[in-house]
Number of protein chains: 2
Amino acid sequence: MTSPIVAVIGGGQLARMMTPAATALGITLRVLVESDEASAAAPAHETVVGLPTDPDAVARLLAAPRPEVVTWEHEHIPAEVFDACEAAGVPARPGLGALRYAQDKIAMRQRMDELGLPSPDWHAALGDEDVDRFLASHGGEAILKTARGGYDGKGVRVIRSVADAHDWIAAEAAGGPRLLLEAKVPFTRELAVQVARRPSGEMRTWPVVESIQRDGVCSEVTAPAPGLAPERAEEAAAIARTIAESLDVTGVLAVELFETVDGLLINELAMRPHNSGHWTIDGAVTSQFEQHLRAVLDLPLGETAASAPWTVLGGARTDLPGALADLDDPGARVHLYGKGVRPGRKVGHVTVVGREREETYARAVRSAAIVRDGGAA
Amino acid sequence: MTSPIVAVIGGGQLARMMTPAATALGITLRVLVESDEASAAAPAHETVVGLPTDPDAVARLLAAPRPEVVTWEHEHIPAEVFDACEAAGVPARPGLGALRYAQDKIAMRQRMDELGLPSPDWHAALGDEDVDRFLASHGGEAILKTARGGYDGKGVRVIRSVADAHDWIAAEAAGGPRLLLEAKVPFTRELAVQVARRPSGEMRTWPVVESIQRDGVCSEVTAPAPGLAPERAEEAAAIARTIAESLDVTGVLAVELFETVDGLLINELAMRPHNSGHWTIDGAVTSQFEQHLRAVLDLPLGETAASAPWTVLGGARTDLPGALADLDDPGARVHLYGKGVRPGRKVGHVTVVGREREETYARAVRSAAIVRDGGAA
């Protein structure tokens, strides 16, 4: 049998980090990249340059030798791409029936309600009156989100008055994305859980992690979530499994959760490898990237157990090669995304595994800071 | 700082397995591959097609944007390549001063003798009389080797008479490789130890492993070597460090050893990642592939400790993708080399890490056998 081809739409760091797993499994990764400078362009086995909105580019992605399957590293996939996959006879995983709930936050919240899964109070924002009423019943403060197009803190805003929402409401009226309001949750911390599911139904979840966000970007992840009650961990895993099964998700699903004194609330969904799962490269038997490829190819899933008592990941925000010479922790595992430096941009991460949580955390944060601060050389 | 470029000569599985480490470290790997079908061709970040004996190909490998360093995945590097590197101002690591001892087994044995390091009895075979005398003084049996060009059991032969050596002696007289004789060592098992050394002198050794060869190809590796006395392990590590330092090796050095009832004897040297070190991808904090890149770039070396009590590797001899669906051990880590199937050829390996040696060994051998026997689909 020749090397199976997996086509990936999107050339960012998630596609980049799929390539080592594809190489090990003997899979050819054919990636649709926005440009030759994209994060995944050099590591990809084959590249097609173009956007998912360009039918010619999509046709080249699907051309012979034909991929076994098409998957995504982001949610912004036009419906026409699914039509093109169907016409070419190439399965698209996850399919549009699942992906729409990761594309549209209003559809997602409605579906979670139907499934009886816990969300923060929410409301589709139809105009000033809706916003006013929601603010009044939630202590004068709420989260306003665009239903589509948000990422890394974009498309999310805290509002305290209708005036804070006026520009987005006007944009919506002018044909922009729909808006929704969510209660600002008094969470004690943020958790995330990932599950992989293959078309034949097999599912595996990784340990639940704690994540710390700074400026809307994932900054630190600790696996497993420290001090999490086993029944709460099982509840999180059950939420992920219910969503994956009910929505017919194939591939990796990440569920971001708020932990409050009263229990868990679903924050966001992502149907692809997710930054809360990067720790699995160094800290789990099977990484989320390998598992995503196995799952979309409908191959047996790999073991998801942690391979060390603690794994901590720290985000790095400048370019690293200049700083690798300064890293003085030989156990720090470095992962760069091949991105140009831009202030505040996350350009990589550092992972440390260890036996003691506090020491492991301190080492990860310290090494990520060396990378972050020392990289200007 | 932009992404540093490391140039690699040779497009086999060793260059292939350097690519994930290069991607993680933000290094661009530019590989001189024999053809577009080479094992490393698709995973490499940049490729130049050609042979190391082709000056034009080497010139393209060294062209702007210029690599920081040139390294190798095999020993068969003509001296002219080192001249080209020097003319281009690009360091070659390991340098010819070191690599010649991995290229020429007679030079290696002489150097080991000078260093007082333990080799089997050996003799440069200059003709029939030499062979006769060596056989007579070693129980009528010896190993005949070509000084250059051997690999995977090629260039090595057991002889019991001068007649067994005649064709190679004739080939040598006609300008073929020089020959040497070695005593057939009554070893109890084969061990291997690896050390990485950077130009500034830092060295790190991995745990000593036991390897089992079948038909001249590495079939199983167990890390650490079961039941190895600590002082014997330290002796092996000291041998590796002495060689690396005395020969000014940069990058990864593998020393294959015979363990006998009387102690250790040096079998072979390799100045590059080596099949006895593939276990480090899944079983050590830093893999030999990442370490080789760090070392030749003169970056701080990574931790070399094992990350689990036992790691066992089994070689796979047929193509895998057809059999991945049959692998029923979710903890088996699969590594394919992207090679076409040819009878008896090693096309990948499977690694299992675990807490109990016997179980870990059985799992690795079993999964490698599924890959081997089930891959014909």
Side-chain angles (χ1 to χ4, degrees), chain A residues 1-4 16-17 19-29 41-46 204 281-282 285-286 290 294 297-305 307-308 319-341 347-348 353 375-377, chain B residues 1-4 16-17 19-29 41-46 204 281-282 285-286 290 294 297-305 307-308 319-341 347-348 353 375-377:
Chain A
M1 184 174 167
T2 53
S3 174
R16 178 186 180 93
M17 287 188 273
T19 60
T23 298
L25 295 178
I27 293 163
T28 297
L29 210 67
H45 301 142
E46 299 179 4
R204 284 182 184 264
I281 301 173
D282 299 300
V285 177
T286 305
E290 174 171 338
R294 287 179 179 238
L297 282 169
D298 203 14
L299 290 169
L301 300 180
E303 171 64 46
T304 48
S307 51
D319 201 9
L320 183 72
L324 203 49
D326 301 325
L327 253 192
D328 55 3
D329 186 336
R333 315 303 310 129
V334 174
H335 299 272
L336 288 176
Y337 303 160
K339 288 177 158 186
V341 178
V347 294
V353 303
Chain B
M1 186 173 166
T2 52
S3 174
R16 177 187 180 93
M17 287 187 272
T19 60
T23 298
L25 295 177
I27 294 164
T28 297
L29 209 67
H45 301 143
E46 299 178 3
R204 284 183 183 265
I281 301 174
D282 300 300
V285 177
T286 305
E290 174 171 339
R294 287 179 179 239
L297 282 168
D298 203 14
L299 290 168
L301 300 180
E303 171 64 45
T304 48
S307 51
D319 201 9
L320 184 73
L324 203 49
D326 301 325
L327 252 194
D328 55 3
D329 186 335
R333 317 301 312 130
V334 174
H335 299 272
L336 289 177
Y337 304 160
K339 288 176 156 185
V341 178
V347 293
V353 303

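Quick caveat, the model's predicted, so the values are computed rather than measured. Per chain, numbering begins at 1; letters A, B, ... match sequence-line order.
Of the listed residues (B/Arg294, B/Met17, B/Glu290), the greatest number of heavy-atom pairs within a distance under 4.5 Å of chain A belongs to B/Glu290. Contacts with chain A were tallied for B/Pro300, B/Gly331, B/Ala44; B/Pro300 has the most, counting heavy-atom pairs under 4.5 Å.
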Criterion side-chain contact (heavy atoms from CB on, under 4.5 Å) on A/Ile27 and A/His45, from CA distance to verdict
CA-CA 9 Å; A/Ile27 293 163; A/His45 301 142; 6.0 Å; no
Derivation of the side-chain contact (heavy atoms from CB on, under 4.5 Å) call for A/His335 and B/Thr23
CA-CA 8 Å; A/His335 299 272; B/Thr23 298; over 6 Å; no
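For B/Glu46, no part sits under 4.5 Å from any heavy atom of chain A, backbone or side chain. When heavy atoms are compared at a cutoff of 4.5 Å, A/Ala332 approaches chain B solely by way of its backbone atoms N, CA, C and O. Residue contact with chain A, scored on non-hydrogen atoms closer than 4.5 Å, is absent for B/Ala41. Contacts between A/Ala308 and chain B at a heavy-atom distance below 4.5 Å are absent for every atom of the residue.
Taking CG of A/Asp326 as the reference point, atom CG of B/Leu299 lies at 10.0 Å (rounded to 0.5 Å). Taken from CG in A/Leu29 to CZ in A/Arg16, the straight-line distance is 13.0 Å, to the nearest 0.5 Å.
For B/Arg204, the salt bridge (charged side-chain N to carboxylate O under 4.0 Å, His left out) criterion is met by B/Glu202, B/Glu303, not counting sequence neighbours.
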